[in-house]
Amino acid sequence: MASNQNTKDLGWVLQAIQFRTVDLHSISFFLSQPTSGCFQETENSINVNITKDDLFRFSQLLKVLGTSENASLKDIEFHLVEWEQQQVKDLVILLENNLSIKQLLFKRNKFNAECLSELSDGLRKNKCIKEIMLSESGIGSQGAGFLASALKENHSLEELQIWEDSIGSKGAEELSKMIEVNPTLKLLTIFDSKSITATPLISAVLARNRSMEVHIWSVDHNEKSRKVVEFVPENTTLRVYHLDVSGACRVACSLGWNSTVRTLDMTGVRLKSRWAREFRWVLEQNRSLKEVNLSKTSLKDKGVVYVAAGLFKNQCLEKLYLDGNWFGGVGVEHLLCPLSKFSTLQNQANTTLKSVTLGGSRTKIGRDGLAAILQMLTSNQTLTRLGIYDDESLKPDDIVKIFKGLERNATLKCLSLQGCKGVKGDLVLQTIMETLNVNPWIEDIDLARTPLQVSGKTEGIYQRLGQNEKTEQETDLLKDMPMTVPKSCRVFLCGQEYAGKSTLCNSISQNISPSKVPYLDQVRILVNPVEQAVKTPGMKIKTFKDEETKISIWNLAGQHEFYSLHDLMFPGHGSASFFLIISSLFRKPSNREAKNPSEIEEDLQYWLRFIVSNSKRAVQQCMLPSVTIVLTHHDKINQQSDSLQATVSVIQRLREKFHGYVEFYPTVFTVDARSSASVSKLSHHLRKTSKTVLERVPRVYQLCNDLAEILSEWRLENRNKPVMKWKDFGELCQVKIPSLRIRSRHDNRDKVEMRRKAVATCLHHIGEVIYFDELGFLILDCEWFCGEVLSQVIRLDVRKQSSSGTSGFISRKDFEKILVGSLQSHIPGMGSNVFENLDASDLVKMMLKLELCCEQDPSDPNSSLLIPSNLEEGRWRSQRWQLTNKYFPKIQVHLHNKIMGLRNQHGASYSLEKHLISININGIYVRVELGGQLGHFIDVLACSTKSPTEMLRLIQHLIIPAMQNLCHGITLTEYVLRTECVKNLIPPRCRKNQFIPLQQLKQALLSVPADGIYDYQHTWDSVIDSGSSILGPGFDFARDLLSDDDFREVLHGRYHDLYNLAMELQISQENNPDRPSNAIEEIASSVEPTFVGIAKGVEAVLQRLKIIEQEIRDIKQEIQGLRYYEHRLLIELHRKVNYLVNYNTQLEERKVPNMFYFVRTENYSRRLITNMISGMTALRLHMLCEYRREMHVVEDQIGCELMQVDNITVKCLAPYMKKFMKLLTFALKIGAHLAAGMGEMIPDLGREVAHLVDSPVLYGAAGVAGAAAAGAALAGNRNRSRSSRDVQEDHKAAQQWVVDYLRDQRCSSGKDIAEKFGLWRVRYRDDGQIAWVCRRHLHARAYEIIEVPV
């Protein structure tokens, strides 16, 4: 290495370059040196010194470097070179031939115009140079221009540095133009004598969104260097240190559409309102700026006003620093205006700004500024940090107000008051501690340099803040809260129009509190008659006190359009409430037209269904709904009339029908609703029942009762507002309810929020508020909401105000406009304006929740809405329908979306009317109608030239799945409608008795013999409307009412039953006839409107007739096979049954009957017992008539009561019950009672077991009866493995139990058995076997049997 430092002559350098003896990476030329020579600085770098006399050597070296290939040379430096044009040309050639050179350095060089031009031309073509540095080379504006022109085309250079040279504003402008078109330059460093050069350069970088690092320096008045502008793309920060106002304005303009700067720091730059005006536009347009620091920029009120104006439209800035400026209260007021709300209906203009800092010794906040700060603190929902620095204008009382405003602020985490002179005194300290106790979200309070901190009194504050940082152990605050009996009970008055509910409600109120209610009602009517005239009818709520009990009567409106709101009012789980169902004995009291009993039954049945269905929808039912029936207008009817007696019978039937679903009060009240004396007993019942219900319902948290009073106080403090936003409810809980307070900012906020929602839901259930989680508000005045809001919404006629036609669909925005225009109060001073308390969007959400409208696409927040009231009335007017006030519009939307998806594929069309959907798809016309007066069904009608099977498949694959998908928790039963009703479009009101359940029709086919299945007919009654006959009686073949698929399902079901029976009877499968093959596939063809097409069409029709004829032959052949199969099985079935009857003729000479069964009475109906379980009670033992091949149930048989089943009874009877119930089940399912003359045994038993057929309960009791074929076969194998002795022992045990039981019941003689069971002991004349037969067989078969008394 020492030898390398020795100076060598220039010849050595030439040889080293020519012969590449040195792996040269870097070479530096120093001209105007005292001696010429060179030395090797490192293994890869050489320094060359050249005197003025050896300048030719410099040119020679450039040429040698240019001609030699040195792939490792990367850097070349030139010091003190006075360039000539030829030398520059040699340099250009050098750069062209050595593509490895990446860096050029020119320090203290001199260039004339020609040289700069030549160098510029060389750089323009060069594709390898990455960095050029010019230091003290005096290129000036002209040189900058040449460089700029070259770099416009050069896209390889990445770094350009010009040090200690004055390129001037002209040179800077030229470079800025280059920046606009050059996308590859990564670093630009300029050190100029004037700061003005920075403006065009940084503006170009910002305006073109260049990811270019920029550093621009200049010198100050004291000739000291200072930085002017700095931009580093890696941290997206632009720092401006020194710029005049015009330069700052130009930089601001370039930021308008910039996307590379996230942080703008202009601390200390003196700015004026002219710059702020430009910066306002930046705030409005820029979408990337996150932080702006304008501290100590000398901005006054006018400038801050411009900045504040920009914040109104800005939606990206998060931090803004304005401390150390010169503005006052006006500036503060404008600055905080976009961060504040001044009414509940106003939206906060700026929701992205999180941190604001202001203040300073020259900032005068004043009274106006303080008011703005307080308004912002109480209404802002986004700001997390507020800083007020070095303020001298705020007094201690002002600081107290600021902290008081923080009590209900749940978003501010950090408050800095450092240096504020007003932070002093015990009152300020006490207020800060109280605020921290209520508001756990404050994480930091900076009180540095304040009098309170200087005096050492802030230790307690920081200690309390430290406690807020600790996460307390999570415990369920509601778990240990005291429980209490509810204090309020709701009474729901249910009934149709003209039932007298309102009159009855007034009479009850007058009876309970006579001095208040009538007088207030009279005053209200007299004082404001105009308001009464314009107010629409709706739900009314009357509340009064009975000692400590609060009773509220909810009068559910009887008009049909209000039915959809009844679900909203329905009490929730554990709610103290009961129902009065009011029904008038007259259609309209004015015309004295009495209702017939069926009309009263429909009225009562609707409301009972409503109560039961909503009770079942509840999450949990702690008690049955309590129902009292009240009949009004009793004074106008004859007490002894037959109609009244029939009404009593109707009510008794309803009691039996709904027994176990509701709890009926035994007494039916008949009243004159106008008379207080007439309703006195009802009022007494209401008061007593309220107290009884309050004792029976679950206890509630004491918190709910307390919160109800707190909400009442809140309403008084807030001008009796009927609506409370969820945010306000949370603030109220935070301040007033310690158990619902968030205690620490690290507390589980979601858990506390969940508790608050649970309490709000509880208040909803007990009727204090109306609350739904998704809506974000609570309705505190339920009567206002139902009467002033929803009653107008459901009566809204959208068709008159909508341009969407009659399709029923309307855009959400248009509907909101209609709501705003329709629900505004048109009479000044009358009524409350809905939109003072609710937004139109809130109403739409509530309507969606109540399902008064439906979204076309629930996943799209801007989806169109289906408004049922927007549909035109169809052929038949509005129907009162229990389930589909909300359900049917959902079907309309769902089917609309499905059909529109099939429109291109099948040419489908779809149209809507009120309560009607019309569909035409692939030549099949379908009508989906909302049917029934007070009914609960939908009619689907279809007509087409295609087969019924094709039509039914469309209905089953499109219509029915749509219904089932939209009615979770509700069971849909499928019925078959009479075909004549479809052909003649008979109105729904006339179709009440013109349909049959689909499953019932299938069961009817399964119950007939095989040879009767094909010709089975279902008969229809006549249709009479208003005394005139519309349709006469008639019949339809079952095969025409069912589709091919359903009919074949019946046949396959019969095969399945016969197969299982064959397994049970142990008949081999070899003799079973083969199953007929499937029907030939249908032929579908289109007929062209030409002679040839018509001929082809006729041929296709004839072909189709042949196919249908073949199908009929196939079906008949299949039925014939069933008959053969059935006949063989019945022979074996009779043998098994006879074996059960006569399995042991020696057992006490058959002194008691063998064929017995058990029945339990439930809800006025008998239920067959299929499995004996220990502990069963209240069973009755019955006996069958045992006459061979004609066994049956004996009518009016008394039987014997079995009080309780013990283990011994189960052990004795289980084998018999298993075997007997198997045979009974199969006989019932294959119709054996008709096919083989088994008398009335199965039909009578069918009444008890009809609900068990096809159910898992029955199959479980009957062993393998309902199992799969393989399971049945295995069971048969097991049965075969048992010895006949074991079977006889099982039957003997059962028979012995019967003998012992009847002896205990003192029913062992023939006379006793005849009295209790209607059976007599006889002997067959032909074979001498004993049997017990009924009286009918005793006389009718006297020639075959002989009576043998016991």
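These numbers come from the heavy atoms of this one structure, side chains and all, not from hydrogens, waters or symmetry mates. Positions are given from 1 along the sequence.
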note = Tightest non-hydrogen contact, residues V1210 and V1205, listed as CG2-CG1, 3.5 Å
task = Report the distance from atom CG of L1184 to atom OH of Y1157, rounding to the nearest 0.5 Å.
result = 6.0 Å
Minimum heavy-atom distance W1332-K1151, with the two atoms named = CZ2-O, 3.0 Å
key: Sub-4.5 Å side-chain heavy-atom contact between K1316 and C1200   = yes
query = At what distance, to the nearest 0.5 angstrom, does CD of Q994 lie from CG of D1021?
reply = 7.0 Å
request  = Output the distance between atom CD (Q1000) and atom CZ (F995), rounded to the nearest 0.5 Å.
outcome  = 11.0 Å
inquiry  = So T628 and I581, do their side chains get closer than 4.5 Å, heavy atoms only?
reply    = no
inquiry  = Closer than 4.0 angstrom, basic N to acidic O: yes or no for E663 and R655?
reply    = no
ask   = Does some side-chain heavy atom of V1159 sit less than 4.5 Å from a side-chain heavy atom of L1179?
value = no
query = Is there a donor-acceptor contact under 3.5 Å from the side chain of R1321 to the main chain of V1348?
reply = yes
Non-neighbouring partners of E1315 that pass salt bridge (Lys or Arg N to Asp or Glu O under 4.0 Å), sequence neighbours left out = none
ask   = Parallel, tilted or perpendicular: which fits the ring planes of Y1301 and W1297, with parallel below 30° and perpendicular above 60°?
value = parallel
query = What are the two closest heavy atoms between D1312 and R1306, and how far apart are they?
reply = OD2-O, 3.2 Å
note = Those residues at least two apart in sequence (or on a different chain) that pass ring pair (Phe, Tyr, Trp, His ring centres under 6.0 Å) with Y1187 are Y1324, H1337
inquiry  = As an exercise, state the distance from CZ of F1035 to OG1 of T1019, rounded to the nearest 0.5 Å.
reply    = 10.0 Å
Side chains of I629 and I651 in contact at under 4.5 Å (non-hydrogen atoms) = yes
Chi angles and distances behind the salt bridge (charged side-chain N to carboxylate O under 4.0 Å, His left out) call for R653, E656 = CA-CA 5 Å; R653 285 202 306 270; E656 296 176 2; over 6 Å; no
inquiry  = Once side-chain hydrogen bond (donor to acceptor under 3.5 Å, both in side chains) is applied, do any residues pair with D1327, and if so which ones, sequence neighbours excluded?
reply    = R1188
task = Return the set of residues passing salt bridge (Lys or Arg N to Asp or Glu O under 4.0 Å) with E1347 (not counting sequence neighbours), or none when no residue passes.
result = none
inquiry  = Listing request: all salt bridge (charged side-chain N to carboxylate O under 4.0 Å, His left out) pairs with a residue in residues 993-1008, at least two apart in sequence or in separate chains.
reply    = K1002-D1046, K1002-E1049
task = Check whether any side-chain N or O of R1180 sits under 3.5 Å from a backbone N or O of G1199 as a donor-acceptor pair, and report yes or no.
result = yes
ask   = What heavy-atom pair brings V1194 and C1185 nearest, and what distance separates the two atoms?
value = CG2-N, 3.9 Å
remark   = Rounding to 0.5 Å, atoms OG1 (T647) and CD (Q645) come to a distance of 9.0 Å
ask   = Honestly, is R1039 close enough over F1037, meaning NZ or CZ under 6.0 Å from the six-membered ring centre and within 45° of the axis?
value = yes
remark   = Heavy atoms of P625 and I611 approach each other most closely as CB-CG2, 3.6 Å
key: side-chain contact (heavy atoms from CB on, under 4.5 Å) partner of M1183, the single match among I1313, V1152, L1302   = L1302
request  = Heavy atoms only: give me the nearest Q1197-F1317 pair and the separation to one decimal.
outcome  = NE2-O, 2.7 Å
task = Please examine the side chains of L998 and L1042, heavy atoms only from C-beta on, and report whether any two atoms are closer than 4.5 Å.
result = yes
message = Checking R1325 now: which residues fulfil salt bridge (Lys or Arg N to Asp or Glu O under 4.0 Å) with it, not counting sequence neighbours?
response = none
inquiry  = Using side-chain heavy atoms (C-beta onward) and a distance below 4.5 Å, is F1158 in contact with L1181?
reply    = yes
Spacing of CE belonging to M1176 relative to CG belonging to D1206, to within rounding of 0.5 Å = 13.0 Å
key: Note, L1041 side chain near H1018 side chain (heavy atom, < 4.5 Å)   = yes
request  = Find out whether Y661 and L624 are in side-chain contact, i.e. whether some heavy atom of one side chain is under 4.5 Å from a heavy atom of the other.
outcome  = no
